[in-house]
Number of protein chains: 6
Amino acid sequence: MYSLTVRDHMMIAHSFRGEIFGPAQKLHGATYVVDVTFERPELDSDDLIVDIGLASATLKQVIEAFNMQNLDDIEAFRGRNTTTEFMARQVFDAMAEAIRKGRLGKTGNGLTAMKVTLGESHIAWASYHGALHHGTR
Amino acid sequence: MYSLTVRDHMMIAHSFRGEIFGPAQKLHGATYVVDVTFERPELDSDDLIVDIGLASATLKQVIEAFNMQNLDDIEAFRGRNTTTEFMARQVFDAMAEAIRKGRLGKTGNGLTAMKVTLGESHIAWASYHGALHHGTR
Amino acid sequence: MYSLTVRDHMMIAHSFRGEIFGPAQKLHGATYVVDVTFERPELDSDDLIVDIGLASATLKQVIEAFNMQNLDDIEAFRGRNTTTEFMARQVFDAMAEAIRKGRLGKTGNGLTAMKVTLGESHIAWASYHGALHHGTR
Amino acid sequence: MYSLTVRDHMMIAHSFRGEIFGPAQKLHGATYVVDVTFERPELDSDDLIVDIGLASATLKQVIEAFNMQNLDDIEAFRGRNTTTEFMARQVFDAMAEAIRKGRLGKTGNGLTAMKVTLGESHIAWASYHGALHHGTR
Amino acid sequence: MYSLTVRDHMMIAHSFRGEIFGPAQKLHGATYVVDVTFERPELDSDDLIVDIGLASATLKQVIEAFNMQNLDDIEAFRGRNTTTEFMARQVFDAMAEAIRKGRLGKTGNGLTAMKVTLGESHIAWASYHGALHHGTR
Amino acid sequence: MYSLTVRDHMMIAHSFRGEIFGPAQKLHGATYVVDVTFERPELDSDDLIVDIGLASATLKQVIEAFNMQNLDDIEAFRGRNTTTEFMARQVFDAMAEAIRKGRLGKTGNGLTAMKVTLGESHIAWASYHGALHHGTR
């Protein structure tokens, strides 16, 4: 299995609900260093997993929806805690949607799985790893 | 699959037995940067993999058994070589036991696998990855 | 010249004022990885720059004033932009004050300079480096 | 499952063919930080995954075939693009061959899988992960 | 003294002349992770060392002159060895020229020194550190 | 000012004397990631600060005196605490001696200062920075 990872980052504010979060129930923030790993069993005819320039540009577009935002204000996240692991899944879903829409070009069609890791500090990070399903477009 | 990693470290002395170890047969030491990765297929009702504060505190307790020790003096390791890979397994087993004892709270019950990585330098690290079995308590 | 650095981190929300900040004028946040470097020309009688445990504990206390906060709500920062470089100076001043108060023990009296670096992402960080003045206490 | 990783690096020149590569069609170069991860289900009788000294030395020998080379001049790569992911596979195949030839000693026979990761920068890296097949020697 | 660093990278091919370089006399290449540190004694009226967006964009423009190039083909480097330390100086001079031309805005005028570090691998990097002279424009 | 850094590591055991050290008074150990930075105001005629291969090889020889040792057994350290900062100075002195003996070749004569940093973990490191004096040989 081949895999390729590109890295970017986003800076967000948010607060959590639930006693388990302690002081993190207050409005605070985080820099998330975002690593997206693309997997495929064989290289394409250019000897690529995915076009790295296109992958980086698409990741940047995807995280623009979250970067420099207060996540508490995003309607789709109402009633959820925007934890690092939760946000890893949001980036995964948004990247998967972008791939289905063809934003990684035809090379994107060969990808079979993806992993998104969000680093919140030098001592903690969280990931979501899942298969990619390519529908009929 | 979701995963969350927390990092800590421990500083130990030890020596190895066997010609294959060369100069490492002498008493020397290591800093192990310890990464513990917790896995679960779905987030809990707080949108968490595990309470990160509880996970970090439990890891610190677990490695207190090894930190600032000469591993050659630990009875349970008699006759074994306390290599980086061997110690990764020891931390894994001790964390798994702590989880079974409920030290990560009820969120800990949802964890299905764990990976422990011990970094011994900027050019070498070792891991143990295994399933978590939750017995009847 | 000898120097010793300890690392911790803090997670904050804030917003900036001024056209130059573009989208960062909105409420967002950051993880700051905080490195504090202590300098002294000679080691003390224990062969130390500073007690590393005391230094780490003092740093943690100092950044508690900022960690998990919305910096926009801190009265002392009213009218200022809490940029990474500005916050590096705040941590410097608070650590310097803690040293003057003797929080690093008598070893702290031998320190002549300090540097505080705040890492805001994998591609940007800022520092403040200055002398330490030990008044009569 | 146990795994152990050793790190080295190589510095190469190359060019790519195909419009998708843009400016990378010109002769340029890269430093690849090379991580090789060895996997086995149980430790050997010395409590090792693999002899770390032997693993590091073998990796260095393997990458000597590529280090300080213009990959465009290597006959075996004629007609291929020597992308990061392609080169990860080349290092994998060469290491697998070295293991089959017994270069990691008898401990090498217990390895069941291997992963090679090539870091091309602080924001991009690629891997090849595969099983190791031990033939009759 | 305040300082702020931004990071980017460039990928180049080159060869060296002189017996001291051994196998590096052959055409090979490198990824340089480029860190540029801007220094100034006091923050500007926006509480900034320099506009981080402008600094990053300017750095990217500056290294475009070298990125994806064979440095052996650059006329200005004829007769020189484009070592890591030599290239650190080239990036320094080009950034200093960009600052003199006002590319960092008026905030750039307050900068008093700059340091450029080029990381060639995980085990070696080189820097050039110098004062910035602001002429009459 | 130009500077070039090379990295290696050493693994040692030791114990400390003095109440201030708490549990570190027991025999334990550390991995020290060793960074040696060489400084000189101008490049030599090969466009080098120092021959990087020679610098790396000399560093490896220098730290062989400490690597895989119990520092408590080294006669020269009797009565001292082999703290990270103390050991940074020991590596500095040994490298400075090697340079005076010509082990870095004639390029070594142009070096004016050196800094040695020992990383003891992901959250703590210590340095010694000093001038290099080239006697008459």
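First the proteins, then the strands, lettered A, B, ... as listed; each starts at 1. Both backbone and side-chain heavy atoms feed into the values below; hydrogens, waters and symmetry mates do not.
Within the 4.5 angstrom heavy-atom criterion, only side-chain atoms of A/L43, from C-beta onward, approach chain D. Both the backbone and the side chain of A/I49 come within contact range of chain D, judged by heavy atoms closer than 4.5 Å.
Among residues 17-41 of chain D, the residues having any heavy atom closer than 4.5 Å to a heavy atom of chain A are, in sequence order, D/R17, D/I20, D/F21. Of residues 115-131 of chain D, those residues lying under 4.5 Å from chain A by any heavy-atom pair are D/E120, D/H122, D/I123, D/A124, D/W125, D/A126, D/S127, D/Y128, D/H129. Heavy-atom proximity under 4.5 angstrom to chain A picks out D/R80, D/N81, D/T83, D/E85 from residues 58-85 of chain D. Contacts between residues 4-14 of chain A and chain D, defined by a heavy-atom separation under 4.5 Å, are made by A/L4, A/T5, A/V6, A/R7.
Interatomic distance, A/Q90 CD to A/M95 CE, rounded to the nearest 0.5 Å: 14.5 Å. Taken to the nearest 0.5 Å, the CG atom of D/L48 stands 6.0 Å off from the OG1 atom of D/T107. Here A/L111 contributes atom CG and A/S3 contributes atom OG; the two are 11.0 Å apart, rounded to the nearest 0.5 Å.
Counting heavy-atom pairs under 4.5 Å between each of A/L54, A/D46, A/I52 and chain D puts A/D46 at the top.
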